[in-house]
Amino acid sequence: MFVDKSMNKKVITVSRDTGVLEAGEKMKEHRIRHLPVVEEDGKLIGIVTDRDVRSAMPSIFVDSCDIEEEKKKLGQLSVENIMTKDPVTISPLHTLQDALLLIQEKRVGAFPVVDEDGKLMGIISVRDLLRAFTNVLGIGEPGMLLGVLVEDKVGQLEKIVNAITEEKISFGSVLVSRHWEEGKRAVFPYLLTNTVAPIKKKLEKLGFEMLNPMEWYLDQLPKNE
Amino acid sequence: MKKTGFLHDDRYLLHDTGPYHPECPRRLEAIYEGIEAGGLLPGLTLIKASRARQRWIEAIHDIKYIMRLDEACLYGMTEFDYPDNQMCSETFDTAMLAAGGILDTVKLVMEGEIDNAFCSVRPPGHHAEVDKAMGFCYFNNIAIAARYLQEEWEIGRVGIIDFDVHHGNGTQHIFENDPTVFYYSIHEHPSFAFPGTGREFETGAGQGDGFTLNSPVLPGQGDAEYKKLIEGDLVPAFDKFAPEFILVSVGFDAHIDDDMSGVSLSTEGYSWVMEKIVEMADKYSRGKLVSILEGGYCLERLPELARNHVEILLGE
């Protein structure tokens, strides 16, 4: 669960004197939105986003002769003029959880990953994080989601896991929602099987309440009086 | 009244999935009994299975996969790729007979001997991928039939309708780049049901973009939602595509009494869906339609559902 494993290591970068237009083209070509700006020795000095580039562009509502004029000016403008200096970075040994919390706090779309000397090692974006968590959820594999409502006390999860393991069914993942309703938790095992009816019966026999997500959904709908 | 074929073979019972498996031989007996009790057998063209030529299996599946399955049977393995796929030493031969029987049936339709047919086969096929068994399925029967129609009978556009309650991931993946085979599936929403694919935004890829269409149904939505989606999604799509032959993946597991799913389709709902499909076949493919069994596990309901299904094919 380290950033190192999920980050993109083949980073497209620019240098401080790269033209703004060229940076824009580069992002378009590689379908990316963040370009780390590095020195020759690989040290990170800033980051430029597609929004930085677009904000630097003349408005399309300016009439055309002016645009040519503006473009000429832009041609002389370099990345250094528009980049964010000293951007928020993350180390390859940070965990994905760190990255997730930091992305929420800083409200950015990607972090450059740098080593102790400030050298760029990679970049990790919201998309990379989503991919990592999709993996963790196991939903790339065929299976079915169960919902089980349990009392908020020790040992409940063990019972559920044991009951399922006895049926020789593998887990894609198990999620726990701690705040489902007062005093209860909801457990969502994602099971790599097509056959969950016997498991449901077994869990009900053990005294667990199966969650019916549709009931919840229908309760939310506006009622026709 | 149409000339309808019925593929049934006792050798389909030889694929043994162990004592507790929902995909059990008894399913086909229940289907046969329902059709027999309905007094429909004398009016049907009964078809026995023959073994598929391997070239047709290879038209869809990786040769290494075919050999791997054959070997697993020779070694007497009881499980293949996933624990869901329980098997026995007869599984490979039964799967060859299932595909072979379907190809014979398709041939009879193309030769004009029959108008349409229902193939009551095991093991089912629509989850099977090119190189992987999944969800009780080993060879993708319907995909093999579609390729056979195209290569042997020069059918240009094949329309596949899959109303098993689970999404036919295998069929979709096999044809997702192919604009000559339209794959439509209506199934329980993938966040609630196996195998977790078949979302609305899966619409095909590359040249095949726009030739895959999925209608996920949320749990408990039943007949009304099926009618809405079939009329709103499938009918306009097939109006545009105009298939020359319609293949149907039949799953009786969306039924309200089937504990494999939660969409709550009724017996009448099933009849409505099938009537609509036969109507489309009359309109686009001069009635040419072959339906192939996938899932359906409620042994008490299978007889009536199968009987209604065949009655609608006959057009009585």
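Letters A, B, ... are given to chains in the order of the sequence lines, protein chains preceding strands, and every chain is numbered from 1.
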Assess whether atom [atom1] of [X] is packed by more than 12 heavy atoms of other residues, nucleotides or ligands within 6.0 Å.
| X | atom1 | value |
| --- | --- | --- |
| B/Arg26 | CZ | yes |
| A/Glu181 | CD | yes |
| B/Glu231 | CD | yes |
| B/Glu200 | CD | no |
| B/Arg199 | CZ | yes |
| A/Arg33 | CZ | no |

Find out whether [X] and [Y] are in side-chain contact, i.e. whether some heavy atom of one side chain is under 4.5 Å from a heavy atom of the other.
| X | Y | result |
| --- | --- | --- |
| A/Thr195 | B/Phe136 | yes |
| A/Pro142 | B/Met134 | yes |
| B/Glu23 | A/Asn194 | no |

Requested in this report: Starting at CG of A/Leu146, measure out to CZ of B/Phe192 and round the result to the nearest 0.5 Å.
Outcome: 12.5 Å
Tell me, side chain or backbone of [X] under 4.5 Å from chain A's heavy atoms, or both, or neither?
| X | result |
| --- | --- |
| B/His127 | side chain |
| B/Pro219 | both |
| B/His21 | neither |
| B/Ser191 | backbone |

**Report entry** NZ/NE/NH1/NH2 to OD/OE distance under 4.0 Å, B/Asp259 and A/Lys200
**Finding:** no
Requested in this report: Determine the minimum heavy-atom distance between B/Phe194 and A/Met144, stating which atoms define it.
Outcome: N-CG, 3.0 Å
